[in-house]
Amino acid sequence: MPHDSLIDQILKSDTLPTLPVVASKLLALSAEEEADLQQIAAVVAQDVSLSSKILRVVNSPFYGFASSIGTISKAVSVMGINPVRSLVLSFSLLEVKNRAAAPGFSFEKFWECSLATAVSARMLMVELEDPAPEEGFIAGLLENVGEMLLALALPERYGEVRRQPFDHGNELAAREQSLLGADHAEIGAEIAQRWRLPAEIVLPLRYHHAPERYAGDNPRIARLAAVAHLAGLLADIFYAAHPEKAQALFLERARHLLALGERAFSHLAPRVHEEVNQAAACFGVQVRLQQSIEEILQEANLRLGQINLTYEQTNRDLEKARAELLRLNQELQAKSQTLERLAQLDGLTGAYNRRFFQSFLHGEISRAARGGHGLSLILADIDDFKALNDSAGHQAGDAVLRALCTLVRELIREYDMLARYGGEEFVVVLPETEAAIALEVAERIRRKVAEHDFVHAGQTHRITLSLGVAFCRPAMDSCGSDDLVRHADLALLEVKKHSKNQVKLFAPPSGEPPTPKPDKG
């Protein structure tokens, strides 16, 4: 419910319209269970001008009765109390015009939109084969009366609300809630209730922007709220900047609320403007809708098609530019990756260089610490490599270094890492590898290298390796990359000091290092 102070402010406004005496009497009388048709007719007949207007509408093509209706008594008898009450209310409210209102609010435009909504609601009721389509008409006519009341009672504040354009009533209602604390549906329902209008008018008025929010158990009110909601969306097509969006919203909501599909829309779209024009002539409202909904949507689709053609051409140009940019980016990325990889490799052997090895080892120790597993490292040195260079030449030595790396890579796993540590020294990192397995890998490398014929310029050369192995479990041993390299180096020095062409595992001074069994191949 809107804030009481806002309602009070509107009720106390000198500009607030009041219902004519006949309308007030008629509403009070129609609410009485014992009221008969003659009493209703007598009240309406008190106002000669109003009676004349009602008879003019009843006898117009808008209703299409087969025979002429000459008196209010007969009109009440033929149509019933509710349709006559709706006509009285309609004429009473349509008299409210040409008053000072909020900037940007036009009575002519307001009543034109309201009449379009009312006619749309009546047509929807007919489409639903409802026996009382006039109830839809009055629900549609009154659903936005709160806009008029706010524009009259709060002209400055409501002028701010309407300063920005809107495509449909839901957008306007959201803006009203934000700036005023209530929307026109709430205001209209509150005032209608104080006018003592029946619940069949008040509640559809309150919930016409959100019919799902009606929590009552009266199916009639639920239907009228849904019809009023859909009628507003249908009428929006005439006035929206993007009528195709209003149509899509109508179709979606019609399916959801009343299970009406596109077939129902195709029945309504060609005829709504004609019936609105017809009703406007009957009620004395200045309305002349020149185009049908179908024609409006066709023009909108044509404009959209032209926009789409421009968009498609622009999009094609953008796609070409995007494809070229992607190609250049991929080319640049490939070159960057090549440069990055080259920066990681030793220029002579193609093995990883020492800088990358240090980064890789640091990362693997961190990963091993998180995973709780072990890590091994092999440091290998070519025995008597200087003598090979001196006797066969440096080119032969370089060829041996390259071939050695190729051979070692074939003996380790894909995710192990081989790097040139410096000169004739190489290092192998073995992630998630226990000491015993690392010793076996080192022994296999030692044996394969010793058995391999290194050929350069028609000459065969044989070399041997000395290998130091270190192992740690970072989560338990608190060892870092420097520690692991130092331990492997100490083990390698032990091999070099005593025998060469051997494998040794580092062990703390207090322990005896395990000796690998010779690989007999």
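Treat the numbers as computed from the prediction; the structure is a model and nothing was measured.
Applying the disulfide (SG to SG under 2.5 Å) test to every pair with at least one member in residues 429-491, sequence neighbours left out, gives these pairs: Cys472-Cys479. Listed by first and then second residue, the ring pair (Phe, Tyr, Trp, His ring centres under 6.0 Å) pairs that reach into residues 378-408 come to none, sequence neighbours excluded. Note on residues 474-505: pairs passing ring pair (Phe, Tyr, Trp, His ring centres under 6.0 Å), not counting sequence neighbours, are His487-Phe506. Each disulfide (SG to SG under 2.5 Å) pair with one or both residues in residues 205-237, not counting sequence neighbours, would appear here, but there are none.
With Ser266 contributing its side chain and Arg263 its backbone, the two residues share a donor-acceptor pair below 3.5 Å. Put simply, the side chain of Arg271 gets close to the backbone of His267: a donor and an acceptor are under 3.5 Å apart. Using modelled atom types, one side-chain atom of Glu186 and one backbone atom of Asp183 make a donor-acceptor pair closer than 3.5 Å. Without hydrogens or angle criteria, Arg175 side chain to Ser178 main chain gives no donor-acceptor distance under 3.5 Å. Between the side chain of Ser376 and the main chain of Thr433, a donor-acceptor pair closer than 3.5 Å is present. Side chain of Thr117 to backbone of Ala235: no donor-acceptor contact under 3.5 angstrom is found. Between the side chain of Ser359 and the main chain of Arg355, no donor-acceptor pair closer than 3.5 Å is present. Counting only distance, with no hydrogens or angles, the side chain of Asp416 and the backbone of Arg413 share a donor-acceptor pair below 3.5 Å. Of the possible polar contacts, none joining the Asp130 side chain to the Val126 backbone as a donor-acceptor pair under 3.5 Å is found.
The closest side-chain heavy-atom distance from Tyr214 to Ile221 is below 4.5 Å. Glu425 has its side chain out of reach of Arg420: every pair of non-hydrogen atoms, C-beta onward, lies at least 4.5 Å apart. With a 4.5 Å cut-off on side-chain heavy atoms, Phe250 and Asp236 do not count as touching. Contact check for Glu434 versus His373: no side-chain heavy atoms found under the 4.5 Å cut-off. Between Lys496 and Asp383 the shortest side-chain heavy-atom distance falls below 4.5 Å. Side-chain contact between Leu375 and Val429 is present, with at least one heavy-atom pair separated by less than 4.5 Å. Side-chain contact between Arg122 and Met125 is absent, with no heavy atoms from C-beta onward closer than 4.5 Å. Between Glu147 and Asn144, the closest side-chain pair of non-hydrogen atoms falls below 4.5 Å.
With sequence neighbours left out, the side-chain hydrogen bond (donor to acceptor under 3.5 Å, both in side chains) criterion links Lys386 to Asp390. When the ring-ring contact (aromatic ring centres under 6.0 Å, His included) test is applied to His208, the partners found at least two apart in sequence or on another chain are His184. Residues that satisfy the side-chain hydrogen bond (donor to acceptor under 3.5 Å, both in side chains) test with Gln291, not counting sequence neighbours, are Glu299. A search for side-chain hydrogen bond (donor to acceptor under 3.5 Å, both in side chains) contacts involving Glu295 returns nothing, not counting sequence neighbours. Residues passing the salt bridge (charged side-chain N to carboxylate O under 4.0 Å, His left out) test with Glu274: none are found, sequence neighbours excluded. For His452, there are no side-chain hydrogen bond (donor to acceptor under 3.5 Å, both in side chains) partners at least two apart in sequence or on another chain. The salt bridge (charged side-chain N to carboxylate O under 4.0 Å, His left out) test applied to Glu494 returns Lys497, not counting sequence neighbours. Residues passing the salt bridge (charged side-chain N to carboxylate O under 4.0 Å, His left out) test with Glu324 are Arg327, sequence neighbours excluded.
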| request: For side-chain contact (heavy atoms from CB on, under 4.5 Å), just list the numbers for Leu465 and Ile445, CA-CA rounded to whole Å, side-chain angles, deciding distance to a tenth of an Å, and then say yes or no. | output: CA-CA 8 Å; Leu465 294 180; Ile445 293 172; 3.9 Å; yes
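The number of heavy atoms from other shown groups lying within 6.0 Å of CD (Glu212) is above 12. Environment of NE2 in His362: sparse, with no more than 12 heavy atoms of neighbouring residues, nucleotides or ligands closer than 6.0 Å. Applying the 6.0 Å contact sphere to CG of Asp453 captures more than 12 heavy atoms from other residues, nucleotides or ligands.
The nearest pair of heavy atoms linking Tyr239 to Ala116 is OH-CB, 3.9 Å. Leu224 and Gly136 get closest at one heavy-atom pair: CD2-N, 3.8 Å. Across every non-hydrogen atom of Ser481 and Leu361, the tightest pair is CB-CD2, 3.6 Å. Listed here is the closest heavy atom pair of Asn353 and Ala419: O-CB, 4.0 Å. Considering all non-hydrogen atoms of both residues, Thr349 and Arg402 come closest at CA-CG, 4.0 Å. Shortest non-hydrogen contact noted between Ser292 and Ala269 is CB-O, 4.0 Å.
The distance between the ring centers of Phe360 and Tyr352 does not fall below 6.0 angstrom.
Between Arg206 and Glu190 a salt bridge is recorded (basic side-chain N to carboxylate O distance below 4.0 Å). Salt bridge Lys500/Asp381: absent, no basic N to carboxylate O contact under 4.0 Å. Looking at Glu451 and Arg447, a side-chain N of the basic residue comes within less than 4.0 Å of a carboxylate O on the acidic one, giving a salt bridge.
A side-chain donor from one of Asn501 and Arg446 sits under 3.5 Å from a side-chain acceptor of the other. With hydrogens and angles left out, the side-chain atoms of Tyr158 and Glu176 include a donor and acceptor closer than 3.5 Å.
The line from CG of Leu233 to NE2 of His209 is 9.5 Å long, rounded to the nearest 0.5 Å. In this structure, the separation between CG on Leu154 and CG on Leu179 is 12.0 Å, given to the nearest 0.5 Å. Rounded to the nearest 0.5 Å, atoms CG (Leu260) and CG (Leu124) are 7.0 Å apart.
In this structure, Arg354 forms a cation-pi arrangement with Tyr421, its terminal cationic atom sitting closer than 6.0 Å to the ring centre and no more than 45° off the ring axis.
The salt bridge (charged side-chain N to carboxylate O under 4.0 Å, His left out) test with Arg486 is passed by exactly one of Asp482, Asp489, Asp483: Asp483.
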